[in-house]
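Shown next, in structure tokens, is the structure this report addresses.
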Amino acid sequence: MRLIALLYAFVAYATAIGTVFYGIPWLANLDAAPVTIDSNPPASLSTALAVNGLLLLVFAVQHTVQARPWFKRIFNKYVHESVERASYVLLSNVAFVLMYIYWVPVEGYVWRVEGGLAVVLWGLFGFGWVVAVFAILIKNHFHFLGLRQAWLYFSQEKITQEKLRRSFVYSIVRHPMYLGFLLAYWATPEMSIGHFIFAAGMTVYTLVGIQFEERMLIHYIGDEYRDYKRRVPMLIPFTKHRLKGRVP
């Protein structure tokens with residue numbers, strides 16, 4: 001049972017690495033990628049909104065419901081807690097892969113730029129991915145992607161939670177991973193209409209999801225997270241002095 005849990009978590013971990021990094025050529029429309037955000041046959045705006053909206057809804061429901069404490073309590077009644085996070089990661093992979101494969105483009109562009117501005121946007125795109133990946137790594141990606149929990153169970157050790165990370169990029173913004181991904185979603189010299197739908201939808205989900213996530217963190221961590229929230233801005237670096245009086 002312990003070995004099966006570890007192997008299951010490793011599969012979720014390995015596929016998550018591949019899923020995350022495939023997002024780079026998918027968003028960048030690289031020819032080397034089998035499918036990209038604009039490579040499928042284009043459809044009407046109404047069709048794209050319907051299909052892509054459904055794909056975003058699947059992603060949002062999976063991420064939101066499966067992360068809720070009540071869902072975890074139910075899950076852990078039937079499946080060992082060591083694979084709870086790995087199961088979340090595995091289903092997240094499925095949600096992303098569905099978007100990668102079935103995302104519907106729309107003819108036309110919101111903007112297309114060339115020259116120096118295009119170089120700047122590609123630089124921001126790359127910078128966003130670096131920030132997102134770095135934020136995951138220093139937060140302990142083994143725990144974040146569910147492998148650590150299964151390893152502790154396999155080693156017959158107590159499964160513990162990770163401490164609140166407040167150093168490096170986490171001292172600049174509370175959610176550097178989300179900041180990095182948002183930069184990657186929006187920074188492109190050729191913003192197709194289909195790409196714009198994806199970026200807008202993921203931005204809305206991110207901003208709403210952060211509210212749920214922070215409520216959960218306050219529930220588990222309490223005053224330590226409240227203090228962190230008062231001191232460090234959510235997504236925009238170096239803005240806390242202007243927002244200090246507005247934060248509860």
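A donor-acceptor pair under 3.5 Å is formed between the side chain of Thr15 and the backbone N or O of Ala12. Of the possible polar contacts, none joining the Asn40 side chain to the Val104 backbone as a donor-acceptor pair under 3.5 Å is found. With hydrogens and angles disregarded, a donor-acceptor distance shorter than 3.5 Å links the side chain of Asn29 to the backbone of Asp38. Trp103 places a side-chain N or O within donor-acceptor distance of the main-chain N or O of Gly194, the cut-off being under 3.5 Å. The backbone N or O of His143 sits less than 3.5 Å from a side-chain atom of Gln149, completing a donor-acceptor pair. In this structure, Tyr102 contributes its side chain and Val51 its backbone to no donor-acceptor pair below 3.5 Å. With Gln62 contributing its side chain and Tyr88 its backbone, the two residues share a donor-acceptor pair below 3.5 Å. Remark: the backbone N or O of Phe142 is not paired with any side-chain donor or acceptor of Arg148 at under 3.5 angstrom.
Ile218 contributes atom CD1, which lies 4.5 Å from atom NZ of Lys229 (distance to the nearest 0.5 angstrom). Taken from CZ in Arg166 to CD in Glu224, the straight-line distance is 6.0 Å, to the nearest 0.5 Å. The structure places CZ of Phe168 at 6.0 Å from CD1 of Ile138, a figure rounded to the nearest 0.5 Å. For the atom pair CD1 of Ile37 and OH of Tyr100, the computed distance is 10.0 Å after rounding to the nearest 0.5 Å. Between the CG atom of Leu98 and the CG atom of Asn93 there is a distance of 11.0 Å, given to the nearest 0.5 Å. The CD1 atom of Ile197 sits 5.5 Å away from atom CG of Leu45, with the distance rounded to the nearest 0.5 Å.
By the 4.5 Å heavy-atom criterion applied to side chains, Ile4 and Val83 are not counted as neighbours. Taking the side chain as every heavy atom from C-beta outward, Pro176 and Lys139 never approach each other to under 4.5 Å. Taking 4.5 Å as the limit, every side-chain heavy atom of Val89 sits out of range of all side-chain heavy atoms of Leu147. Counting heavy atoms from C-beta on, the side chains of Thr206 and Thr203 never come closer than 4.5 Å. Between Asp223 and Arg226, the closest side-chain pair of non-hydrogen atoms falls below 4.5 Å. At a threshold of 4.5 Å between non-hydrogen side-chain atoms, the residues Phe196 and Thr188 do not count as touching. Taking the side chain as every heavy atom from C-beta outward, Leu235 and Tyr178 approach each other to under 4.5 Å.
Residue Phe10 places its CZ atom among 12 or fewer non-hydrogen atoms of other residues, nucleotides or ligands, all under 6.0 Å distant. Annotation for Gln211: atom CD counts as buried by contact number, over 12 foreign heavy atoms lying within 6.0 Å. Under a cut-off of 6.0 angstrom, the local environment of OH in Tyr220 is crowded, with over 12 non-hydrogen atoms contributed by other residues, nucleotides or ligands. Within a 6.0 Å sphere centred on CD of Glu162, heavy atoms belonging to other residues, nucleotides or ligands number more than 12. The neighbour count for Phe71 CZ, taken as heavy atoms of other residues, nucleotides or ligands under 6.0 Å away, is above 12.
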query = Going through the distances and angles, do Leu49 and Val106 end up as a side-chain contact (heavy atoms from CB on, under 4.5 Å)?
reply = CA-CA 9 Å; Leu49 287 174; Val106 180; over 6 Å; no
task = Could you please spell out the steps behind the side-chain contact (heavy atoms from CB on, under 4.5 Å) verdict for Met202 and Leu56?
result = CA-CA 8 Å; Met202 292 299 288; Leu56 288 168; 3.7 Å; yes
inquiry  = Please determine whether side-chain contact (heavy atoms from CB on, under 4.5 Å) holds for the pair Gln66 and Ser87, giving the CA-CA distance in whole Å, both sets of side-chain angles, and the decisive distance to 0.1 Å.
reply    = CA-CA 9 Å; Gln66 205 172 353; Ser87 298; 4.0 Å; yes
query = Given Trp26 and Phe198, is the ring pair (Phe, Tyr, Trp, His ring centres under 6.0 Å) satisfied, shown in steps?
reply = CA-CA 12 Å; Trp26 186 75; Phe198 174 82; 5.2 Å; yes
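The two atoms that bring Glu81 and Ile159 nearest to each other are CG-CD1, 3.8 Å, heavy atoms only. Smallest separation of non-hydrogen atoms from Val110 and Ser192: CG2-O, 4.3 Å. Across Val35 and Ile101, no two heavy atoms sit closer than the pair CG2-O, 4.3 Å. For Leu152 against Thr160, the heavy-atom pair with the smallest separation is CD1-N, 4.0 Å. Summarising the geometry of Met234 relative to Val173, their closest heavy-atom pair is O-CB, 3.6 Å, with the distance given to 0.1 Å. For Arg85 against Phe144, the heavy-atom pair with the smallest separation is NE-O, 2.7 Å.
For Tyr185 and His195, the ring centers sit 6.0 Å or farther from each other. If you look at Tyr225 and Tyr228, their ring centroids are closer than 6.0 Å.
No continuous path of hydrophobic side-chain contacts links Met99 to Val61 [ILVMFWY only; heavy atoms under 4.5 Å]. Leu207 and Leu57 fall into different hydrophobic clusters, where Ile, Leu, Val, Met, Phe, Trp and Tyr are joined by side-chain heavy atoms under 4.5 Å apart, directly or via other members. Under the 4.5 Å side-chain heavy-atom criterion for grouping Ile, Leu, Val, Met, Phe, Trp and Tyr, Leu137 is connected to Ile24 within one hydrophobic cluster. The hydrophobic clustering, which links ILVMFWY residues whose side-chain heavy atoms are closer than 4.5 Å, places Leu90 and Leu55 apart. Cluster membership check: Leu117 shares its hydrophobic cluster with Phe125, using side-chain heavy-atom separations under 4.5 Å among Ile, Leu, Val, Met, Phe, Trp and Tyr.
With sequence neighbours excluded, the residues satisfying side chain to side chain contact (heavy atoms under 4.5 Å, CB included) with Ser155 are Trp151, Glu157.
Each of Tyr8, Tyr153, Phe154 was compared with His80 under the ring pair (Phe, Tyr, Trp, His ring centres under 6.0 Å) criterion, and only Tyr153 meets it.
Using the six-membered ring where Trp is involved, His141 and Tyr13 have ring planes that are tilted, between 30° and 60° apart. Trp111 and Trp186 have parallel rings, their planes meeting at less than 30° on a 0 to 90° scale where 60° marks the start of perpendicular.
The hydrophobic cluster analysis finds Val11 isolated: no Ile, Leu, Val, Met, Phe, Trp or Tyr side chain comes under 4.5 Å of it, directly or through other members.
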